[in-house]
There are 2 protein chains.
Amino acid sequence: MVESNSETENRILEAAKMVFFRKGLDGARMQEIADEAGINKALLHYYFRSKDKLFEAIFAATFTQFFPKVDQLTLSNRTLKEKLSEFIDIYIQLLRDNPQLPMFVVREINRDPEAILTLMQRNLPGKNILEIFHQFAAQMQSECNLTQAEALHTLINIISMCVFPFIGRPLLKQMFFEQDNNRFDEFISQRKDIIKKTIFSTLGW
Amino acid sequence: MVESNSETENRILEAAKMVFFRKGLDGARMQEIADEAGINKALLHYYFRSKDKLFEAIFAATFTQFFPKVDQLTLSNRTLKEKLSEFIDIYIQLLRDNPQLPMFVVREINRDPEAILTLMQRNLPGKNILEIFHQFAAQMQSECNLTQAEALHTLINIISMCVFPFIGRPLLKQMFFEQDNNRFDEFISQRKDIIKKTIFSTLGW
DNA sequence: GTCTATACGCAGATAGAC
DNA sequence: GTCTATCTGCGTATAGAC
């Protein structure tokens, strides 16, 4: 997940990730990270000079993860429908494996949009994903008679329907599932098919 | 927006809302709120005992706002399609008027899910909205031949497509609009119709 | 590399004059 | 009610022994 040399450094990165995911940069405490890693607070500063540096390491590694790796999609000569279907499968699976990822990313990006976005360009995380999206949009326009704007809305509809349930989880769980985690997980497990159905019907399929 | 007695108290509440919206509870500073209100830090503690109390006042007032007031929808004897359409209109308009609302709510709810949710029950904010949603779901099941699960997914799809663009704004703006606020606002202005079209086609309309 | 002890600044909160 | 001045604790960061 996060490549590094020393064993301790890995423990720190893992611990920092957990705490930053839960609390965000502002809410996180170096002491909590140290406890989580089972080491001393001073060691954090030995490996990473400051809290900010440690956070940057976590964010950079995490942010790229937020975009699904769909390199295979680009080259495959499948139909648009199959590609969209595969994208939704891959993305929902990614989010199920990392349910806290979306909240972390949007929280920190909204906290400091500029700093984060320059970091985004530097790490060119979604370079691939942007190409994929562009492909999707172009194909939707030609094959489904959509305007450019409509194609973009459709893409963002997909992203919205995939991502939002993970961001709004506590709220949705309270409103619709009586705080029952099992019922919510079952709901999530149905998402792939629902999103496909919704998008496909919009596209006239 | 926030009712109260004294003029100063109102200024504080307005200022606190702005700062808490921007920075969240953890990131906000009492000094910044005081500056924003054009008063002294000590006055904040005079009117509200602590930062937490001040935050609670803001959150309680804001949270109820997050749910659209659709009392009229309940009683009107319009078709389901018209009701859904009206709901989307009202909700998107609400979010356009308060674009920072969704991020604030989900950030704070994810920070402290239990505290917030008990507060939610106490203030019974979405009592009306839950009834509306239940109505929508029931009608979708009977009129559109949906299962209970499918109806729920459809509701959450609507919410996702309405809310997510506001939460993901900085990211979407970077990825799809080259940081151009005007283009993003134009995108938002198209949302009502797009969401209706998407949902209606799913429902076979 | 890892620890304990400590320095230092900042932010929340209070005291008390006016 | 509103201010200035101050207290206090906490959290980041460093010093220095081992």
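Residue numbering restarts at 1 for every chain, and letters A, B, ... go by the order of the sequence lines. Values in this document were obtained by computation on a predicted structure and should not be read as measured data.
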A.B. asks: A:Y46 near the nucleic acid: base, sugar-phosphate alone, or nothing, with a heavy-atom cut-off under 4.0 Å?
C.D. replies: base

A.B. asks: Can you pull the contact range of chain B along DNA chain D, 5' to 3', using atoms under 4.0 angstrom from its heavy atoms?
C.D. replies: D:dG1 to D:dT4

A.B. asks: Taking CZ from B:F48 and C1' from C:dT14, how many angstroms apart are they, rounded to a whole number?
C.D. replies: 18 Å

A.B. asks: B:R169: what forms a salt bridge (charged side-chain N to carboxylate O under 4.0 Å, His left out) with it, not counting sequence neighbours?
C.D. replies: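 B:R169 satisfies salt bridge (charged side-chain N to carboxylate O under 4.0 Å, His left out) with B:D185 only.
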
A.B. asks: Among all residues two or more places apart in sequence or in another chain, which pass the salt bridge (charged side-chain N to carboxylate O under 4.0 Å, His left out) test with A:R29?
C.D. replies: none

A.B. asks: Applying ring pair (Phe, Tyr, Trp, His ring centres under 6.0 Å), can you list everything that pairs with A:F104, at least two apart in sequence or on another chain?
C.D. replies: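 So A:F104 forms a ring pair (Phe, Tyr, Trp, His ring centres under 6.0 Å) with A:F21, A:F59.
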
A.B. asks: When the distance from NZ of A:K51 to C1' of C:dC10 is rounded to whole Å, what number comes out?
C.D. replies: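 Computing the A:K51:NZ to C:dC10:C1' distance gives 13 Å.
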
A.B. asks: Rounded to the nearest angstrom, tell me the gap between atom CG in B:L54 and atom C1' in C:dA13.
C.D. replies: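 For the pair B:L54 CG and C:dA13 C1', the rounded distance is 14 Å.
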
A.B. asks: My understanding is that only residues two or more places apart in sequence, or in another chain, count here; which of them pass salt bridge (charged side-chain N to carboxylate O under 4.0 Å, His left out) with B:K81?
C.D. replies: none

A.B. asks: So which of residues 18-39 of chain B are in contact with DNA chain D, with a heavy-atom cut-off of under 4.0 Å?
C.D. replies: B:I39

A.B. asks: Tell me yes or no: between the side chains of B:Q179 and B:Q174, is some donor less than 3.5 Å from an acceptor?
C.D. replies: yes

A.B. asks: Using the salt bridge (charged side-chain N to carboxylate O under 4.0 Å, His left out) criterion, which residues pair with B:D112? Sequence neighbours excluded.
C.D. replies: none

A.B. asks: Provide the full list of side chain to side chain donor-acceptor pair (under 3.5 Å) pairs with a residue in residues 99-108 of chain B, sequence neighbours left out, each pair given once.
C.D. replies: B:E108-B:R111

A.B. asks: With sequence neighbours left out, what residues match B:F176 under ring pair (Phe, Tyr, Trp, His ring centres under 6.0 Å)?
C.D. replies: A:F133

